[in-house]
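Heads up, the thing below is written out as structure tokens.
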Amino acid sequence: MIDGHRRPRGPYTVAAALLRHLVPVALERSGDLVAAHDIEILAAAPELSGLVPATRVTIDASLPDDERILVPAPRRTLRLANGLTEFVRDAVPAGCALAVCNVAAADPTDTELLDVMTRRIPPATLTVMLYSDGPEHPLDTRDADELWAVVDRCVREGFLHAVVELGEHGMARTEPGGRRWWRFAQRTATALGGLGRVEEARALWDRVRGVSQDPAMHAASAYGTAMLDARHPDPARRDLVRARAWINEAIAISGILPEPLERAFKLGFDRNGLALIELRQGRLDAALALVESAIELAGELGERHPQHRMVLLANRAQLLVALGGTKEALEDYTAAIALDPAFPDYYLERGNLLFRLGLHEEALADFERAMRAGPPLPEAYYNRAELLTERGEADEALADLGRVIELDPSFLDAYINRAGLLASVERDEEARADVTTGLALAPGNPHLLTVLGQVETAAGRFAEAEAALDEAVGSAPRLAAAWGNRGVLRYSSGDLEGAVEDLTRAIDLQPQGDLYANRAVALRALGRDAEAEADEHRAT
């Protein structure tokens with residue numbers, strides 16, 4: 001029985017207890033299995049660092065506190081949970097049982113892990129028994145120094161719920177406005193923003209302004225407030241005008257900080273934030289100029305702040321891609337990757353660009369580097385599936401999409417792509433199942449309705465197909481596939497003129513060989529042979 005209460009350990013209380021039991025035995029049986037999951041094991045149970053060598057390490061681990069600027073996204077814990085689940089599945093003897101009490105008081109990292117384990121590990125391998133109640137635990141009595149050590153670890157690993165809870169305890173045990181209080185406040189507000197708890201984060205930044213006269217704190221608070229508006233999880237609630245006002249305040253303060261290196265770093269950091277706002281407002285040239293000015297300022301920092309330089313290079317690459325500068329973008333992505341070869345994100349971005357350029361082998365290599373760089377990454381498998389689909393390797397693409405859905409059952413685009421691919425190879429019932437699951441996640445999704453119309457047409461259920469495709473073209477009038485599939489439906493139901501009309505609309509939106517071929521069939525049935533012949537030529 002493992003006590004899952006988050007006090008006093010915090011994140012991954014259950015995971016750490018389980019790993020302390022499994023890892024020593026697994027090392028004797030299969031060191032490769034442990035090495036393949038070193039990141040997940042050490043994130044959950046850092047006390048095992050004496051047994052488990054860290055073989056995949058990002059530069060973040062070696063940076064001082066003031067140079068670590070990246071906070072892992074909330075989805076990182078899902079990646080860790082999947083990696084830990086795969087380790088447990090392969091390390092535990094078949095027929096074992098795991099009992100956990102105090103689940104109601106567990107940290108979100110453990111509840112997520114237990115959910116993934118119960119979903120992905122067959123009961124014949126490991127039976128998981130969960131009990132909401134358990135022994136009582138005393139109040140947290142750790143002092144500020146002890147709390148800071150835990151908060152700092154949680155920030156590094158992306159355990160954002162724990163950062164918020166423990167950061168608030170830390171603020172309560174330090175003098176408001178002081179340097180130690182500020183460290184807790186800054187991390188707590190950042191974590192709140194990362195979790196989408198925007199108004200709580202905004203209130204905390206306001207509190208910082210209310211208790212401090214330190215210019216660096218005010219600059220950082222202005223930046224943090226600006227990003228709440230610029231990055232609001234609901235695009236409809238982003239306020240870019242207010243965000244610009246706050247980021248301008250941050251730039252104004254950072255530009256007059258007395259210490260030259262601090263000024264160069266913070267001013268470049270804030271200009272990069274303004275570049276995001278310019279990008280969101282469609283001013284790509286202005287965004288690029290700001291990022292380039294930030295890169296120039298970073299040149300004053302010497303060897304310091306490599307993570308900051310990495311982010312700036314990648315941001316410039318993204319803007320260059322949008323402006324058509326693909327060669328320069330590839331160079332920037334390569335330079336960013338060179339600064340931290342163990343960081344997976346920019347392999348994905350460079351791979352996407354290489355894919356767009358038709359450099360499939362190079363793109364494939366980048367996607368697979370991203371897979372190897374850390375815990376299971378659904379996006380890497382999704383991107384590889386798109387490439388494999390483009391190359392006509394349907395079975396391999398379906399396997400990758402299945403892997404995406406196994407890792408993240410909420411990954412809507414994976415259902416869309418897999419449903420479409422299954423329908424294209426006439427595995428209609430499987431396609432229908434993915435459509436059903438996808439529509440439960442996103443009712444009315446036009447891409448899924450398009451596939452539904454396709455499989456209903458193939459089954460001869462024309463009324464159901466028409467309802468689905470009418471809804472699809474109504475909600476997404478620029479979706480070529482919806483018009484094309486409705487054209488096929490209209491041909492199948494005898495409406496030849498309607499078929500030509502819909503297929504023409506699809507061709508206008510996205511000319512493709514199969515659309516010309518289908519329109520040619522409808523045109524011949526109408527006796528319009530010259531037009532049909534022209535479409536047949538276009539289809540080849």
Side-chain angles (χ1 to χ4, degrees), residues 64-73 144 147-148 151-152 154-156 160 163-233 237-259 261-278 280 290 294 297 305 307-308 311-312:
D65 178 62
D66 64 343
E67 294 189 28
R68 286 189 284 113
I69 63 167
L70 292 179
V71 176
L147 284 169
W148 174 251
V151 168
D152 187 50
C154 291
V155 170
R156 287 173 179 262
L160 301 187
V163 172
V164 171
E165 181 176 15
L166 299 175
E168 288 173 345
H169 290 333
M171 284 189 290
R173 291 166 198 180
T174 50
E175 183 66 25
R179 297 303 301 178
R180 290 206 303 170
W181 182 88
W182 161 247
R183 292 200 300 174
F184 285 115
Q186 190 270 339
R187 272 57 167 195
T188 303
T190 301
L192 284 166
L195 292 170
R197 294 163 62 177
V198 174
E199 295 312 314
E200 294 171 79
R202 193 186 308 279
L204 184 48
W205 290 128
D206 285 343
R207 187 178 172 198
V208 170
R209 285 185 280 270
V211 301
S212 171
Q213 296 178 355
D214 184 292
M217 290 188 196
H218 275 262
S221 298
Y223 173 89
T225 305
M227 292 302 103
L228 293 177
D229 281 321
R231 294 175 174 158
H232 198 291
R237 297 182 62 187
R238 290 174 184 159
D239 188 335
L240 297 179
V241 173
R242 187 167 62 182
R244 182 182 292 274
W246 278 115
I247 202 68
N248 283 343
E249 180 170 315
I251 290 170
I253 298 171
S254 295
I256 58 173
L257 291 173
E259 204 283 311
L261 292 182
E262 182 183 29
R263 183 172 63 248
F265 166 65
K266 290 188 177 296
L267 185 56
F269 193 84
D270 294 340
R271 286 181 180 176
N272 186 51
L274 179 55
L276 172 65
I277 296 167
E278 296 284 11
R280 291 267 162 91
L290 283 162
L297 285 166
H305 292 285
Q307 201 172 62
H308 174 56
V311 170
L312 292 175

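Note that the coordinates shown come from a computational prediction; the quantities given were computed from them, not determined experimentally.
Nearest heavy-atom pair across Leu147 and Leu166 is CD2-CD2, 4.1 Å. The nearest pair of heavy atoms linking Ile256 to Arg263 is N-CD, 4.4 Å. Nearest heavy-atom pair across Gly268 and Ala294 is O-CB, 3.4 Å. The shortest non-hydrogen separation linking Ala189 to Ala201 is O-CB, 3.6 Å. The minimum heavy-atom distance linking Lys266 with Ser254 is given by the pair CB-OG, 3.7 Å.
Side-chain contact check for Gln186 versus Trp205: some heavy-atom pair is nearer than 4.5 Å. Taking the side chain as every heavy atom from C-beta outward, Val211 and Trp182 never approach each other to under 4.5 Å. Put simply, the side chain of Asn272 does not reach to within 4.5 Å of the side chain of Leu290, judged on heavy atoms. Put simply, the side chain of Leu160 reaches to within 4.5 Å of the side chain of Val71, judged on heavy atoms. In this structure the side chain of Leu240 never reaches within 4.5 angstrom of the side chain of Arg244, judged on heavy atoms.
Residue Arg271 holds its CZ atom at 11.5 Å from CD1 of Ile247, rounded to the nearest 0.5 Å. Here the straight-line distance linking atom OH of Tyr223 with atom CG of Leu228 works out to 10.5 Å at 0.5 Å rounding. The line from CG of Asp270 to CD of Glu249 is 10.5 Å long, rounded to the nearest 0.5 Å. For the atom pair Ile277 CD1 and Arg231 CZ, the distance stands at 9.5 Å (nearest 0.5 Å). Once rounded to the nearest 0.5 Å, the distance linking CZ of Phe265 with NE2 of His308 reads 5.5 Å. In this structure, CG on Leu204 lies 6.5 Å from OG1 on Thr188, to the nearest 0.5 angstrom.
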Trace of the side chain to side chain contact (heavy atoms under 4.5 Å, CB included) decision for Met227 with Leu276: CA-CA 9 Å; Met227 292 302 103; Leu276 172 65; 4.0 Å; yes
Full working for side chain to side chain contact (heavy atoms under 4.5 Å, CB included) between Asp229 and Val241: CA-CA 9 Å; Asp229 281 321; Val241 173; over 6 Å; no
Criterion side chain to side chain contact (heavy atoms under 4.5 Å, CB included) on Val198 and Arg237, from CA distance to verdict: CA-CA 11 Å; Val198 174; Arg237 297 182 62 187; over 6 Å; no
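Taking Arg187 as the reference, Asp65 meet the salt bridge (Lys or Arg N to Asp or Glu O under 4.0 Å) condition, with sequence neighbours excluded. Glu199 meets the salt bridge (Lys or Arg N to Asp or Glu O under 4.0 Å) test with Arg202; sequence neighbours excluded. Taking the salt bridge (Lys or Arg N to Asp or Glu O under 4.0 Å) definition, one finds that Asp152 meets it with Arg68, Arg156, sequence neighbours left out. In this structure Gln213 satisfies the side-chain contact (heavy atoms from CB on, under 4.5 Å) test with no other residue, sequence neighbours excluded. Scored by the side-chain contact (heavy atoms from CB on, under 4.5 Å) test, Arg197 finds Val164, Leu192, Leu195, Glu200 as partners (sequence neighbours excluded).
Looking only at distances, no side-chain donor or acceptor of Glu175 sits under 3.5 Å from a matching main-chain atom of Gly178. Side chain of Ser212 to backbone of Val208: no donor-acceptor contact under 3.5 angstrom is found. Judged purely by atom type and a 3.5 angstrom limit, Arg280 uses its side chain to pair as donor or acceptor with the backbone of Ala230.
Listed by first then second residue, pairs satisfying salt bridge (charged side-chain N to carboxylate O under 4.0 Å, His left out) with a partner in residues 208-223 read Arg179-Asp214, Asp206-Arg209, not counting sequence neighbours.
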